[in-house]
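First up is the structure itself, then whatever we jot down about it.
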Amino acid sequence: MIKMLLLSSDNLKAYYVLSEGTVRAVNGVSMEIDHEVIYGLIGESGCGKSTLANVLMMRIIPPLKFMGGSLLLNGVDLFKASDEYLRTRVWGKMVSMIPQSALSALNPTERVRDLIKYVLKTHNKELTDTEITEIARKRFEELNLPTDALNFYPHELSGGMRQRVTIAISTLLNPDLLIVDEPTSALDVSTQKVVLKLLKRLRDSKIVESILFVTHDIAVLRQIADQIAVMYAGKIVEMGQMEQVMQDPKHPYTKALVNSVLTPEPEIRKRGLTYIPGEPPDLSNPPPGCKFHPRCQHASEVCRAEEPTLRALGNGRYSACFLNESTTEV
């Protein structure tokens, strides 16, 4: 029996509908996340990756508006699910999210134990305070967190500890998919490593089944991800196994990202760092054709006139570039 995918989206679209125009932040995203993987989503600031994370979490708050496509989580069509079903059956259990700022995710006027009580009571009103304390202590111990942090207010915790406490709270119900949005961006290098090890432990110990790791830092992503999707201007432009993409990027944007980061390979150190010319496009008025063509040294007339589709390259690789046009369209 073939096991269904954990998450799959098809031509997913979500726009910010504003009085001054429409921002196409998620503009036709098709992606698949399997069981027991750490899946990386990477792109420059403003490419739509955080918006996509919110859509996958079904946090679609105006002016963000769902415009079309499908989203299945463990076979459940989330856009057909009621608010009650999302609240009681999906959020926290099937999917949970750690937002960019750990401090803003925690109510500054409540102790950590009270935040945990609110989360657990939302899903099971019959739990006693003693049972809640035991669940919290067990999860903190599993993640090597000091249990006395349960009695602290968020401002009494360091930045790294707040991030780790947020991770613990987000996984109290052992969600199938944990979405983490830029979890290391505000942390120093040593604390980053602690958080990355913690996330790996979540997957390896089956506290969560899979993780979607959203970041702009490809060097950090390489330390943790099994697979990667590269996002540019509201679309996925390349997908594949992490090391395959790093060693042999197929899309010019992915190659530019890889070349802009210093990695251990001797040829990369010899070449030195490069940068991506120009700026990301305005998603309320994107360029015609391939959205990357104004910054691409390989751009041709067809790139300026037509938009490439995501095509299968074999071995789980996908790319949206006319340089790969002889392969199969997704």
Report yes if some heavy atom in the side chain of [X] is under 4.5 Å from a heavy atom in the side chain of [Y]; otherwise report no.
X: L52; Y: M231; result: yes
X: F322; Y: T309; result: no
X: F213; Y: L178; result: no
X: V95; Y: D176; result: no
X: D129; Y: K117; result: yes
X: Q163; Y: I98; result: yes
X: L56; Y: L78; result: no
X: I218; Y: M246; result: yes

Same cluster or not: are [X] and [Y] linked, directly or through other Ile, Leu, Val, Met, Phe, Trp or Tyr residues, by side-chain heavy atoms under 4.5 angstrom apart?
X: L12; Y: M67; answer: no
X: V26; Y: V17; answer: no
X: L202; Y: V194; answer: no
X: L145; Y: Y153; answer: no
X: L18; Y: V55; answer: yes

Tell me the closest heavy-atom pair linking [X] and [Y], and the distance in Å.
X: L127; Y: K121; value: O-NZ, 2.7 Å
X: A299; Y: C303; value: CA-SG, 4.0 Å
X: G92; Y: L173; value: O-CB, 3.2 Å
X: R89; Y: K93; value: O-CB, 3.7 Å
X: L187; Y: Q192; value: O-NE2, 3.2 Å
X: Y39; Y: M31; value: CE2-CE, 3.6 Å

Do [X] and [Y] have a side chain donor and acceptor closer than 3.5 Å?
X: E182; Y: H216; answer: yes
X: E44; Y: Y253; answer: yes
X: T109; Y: N107; answer: yes
X: D181; Y: S50; answer: yes
X: T51; Y: N54; answer: no

Between [atom1] of [X] and [atom2] of [Y], what distance do you get to the nearest 0.5 Å?
X: L106; Y: R111; atom1: CG; atom2: CZ; answer: 14.5 Å
X: K200; Y: I224; atom1: NZ; atom2: CD1; answer: 6.5 Å
X: E32; Y: D10; atom1: CD; atom2: CG; answer: 9.5 Å
X: N11; Y: L310; atom1: CG; atom2: CG; answer: 11.5 Å
X: H35; Y: L6; atom1: NE2; atom2: CG; answer: 5.5 Å
X: N324; Y: Y318; atom1: CG; atom2: OH; answer: 13.5 Å

side-chain hydrogen bond (donor to acceptor under 3.5 Å, both in side chains) partners of residues 75-84, not counting sequence neighbours, each pair once | E84-R87
Quick check against the 3.5 Å criterion: does [X] have a side-chain atom that pairs as donor or acceptor with the backbone of [Y]?
X: S210; Y: E36; result: yes
X: H293; Y: C290; result: yes
X: E209; Y: L177; result: no
X: S70; Y: S9; result: no
X: K65; Y: P63; result: no
X: K49; Y: G43; result: yes
X: Q227; Y: Q241; result: no
X: W91; Y: Y85; result: no

Under a 4.0 Å N-O cut-off, is there an ion pair linking R203 with D226?
-> yes
Residues R304 and E301 bridged, charged N to O under 4.0 Å | yes
Can you check salt bridge (Lys or Arg N to Asp or Glu O under 4.0 Å) on E142 and R139, steps first, answer last?
-> CA-CA 5 Å; E142 288 173 335; R139 178 48 42 90; 2.7 Å; yes
Between F79 and F66, ring centroids under 6.0 Å | yes
Evaluate the criterion side-chain contact (heavy atoms from CB on, under 4.5 Å) for residue pair L157 and R164; output intermediate values, then yes/no.
-> CA-CA 10 Å; L157 304 172; R164 293 162 65 195; over 6 Å; no
Should the heavy atoms of other residues, nucleotides or ligands under 6.0 Å from CG of D188 be counted, would the total exceed 12?
-> yes
Using a cut-off of 6.0 Å, state whether more than 12 heavy atoms not belonging to E126 lie near its atom CD.
-> no
Are L7 and L72 close enough, and set up right, to give a side-chain contact (heavy atoms from CB on, under 4.5 Å), and what steps lead you there?
-> CA-CA 6 Å; L7 179 144; L72 301 179; over 6 Å; no
Passing candidate, side chain to side chain contact (heavy atoms under 4.5 Å, CB included) with I169, options T171, I167, L172, T166 | L172
Listed pairs under 3.5 Å, donor-acceptor, residues 232-239 side chains, sequence neighbours left out:
from, atom 1, to, atom 2, distance (Å)
Y232, OH, R295, NH1, 3.2
K235, NZ, N27, O, 2.7
E238, OE1, K250, N, 3.2
E238, OE1, H251, N, 2.8
E238, OE1, T254, OG1, 2.9
E238, OE2, K250, N, 2.9
E238, OE2, R317, NH2, 2.6

I38/L199 under side-chain contact (heavy atoms from CB on, under 4.5 Å): CA gap, chis, key distance, verdict | CA-CA 9 Å; I38 298 179; L199 291 171; 5.7 Å; no
Side chain to side chain donor-acceptor pair (under 3.5 Å) between R24 and N285: does it pass, once the steps are laid out?
-> CA-CA 9 Å; R24 298 168 176 83; N285 185 29; over 6 Å; no
Would you check, one step at a time, whether the test side-chain contact (heavy atoms from CB on, under 4.5 Å) holds for R137 with F140?
-> CA-CA 5 Å; R137 286 185 178 278; F140 272 49; 5.8 Å; no
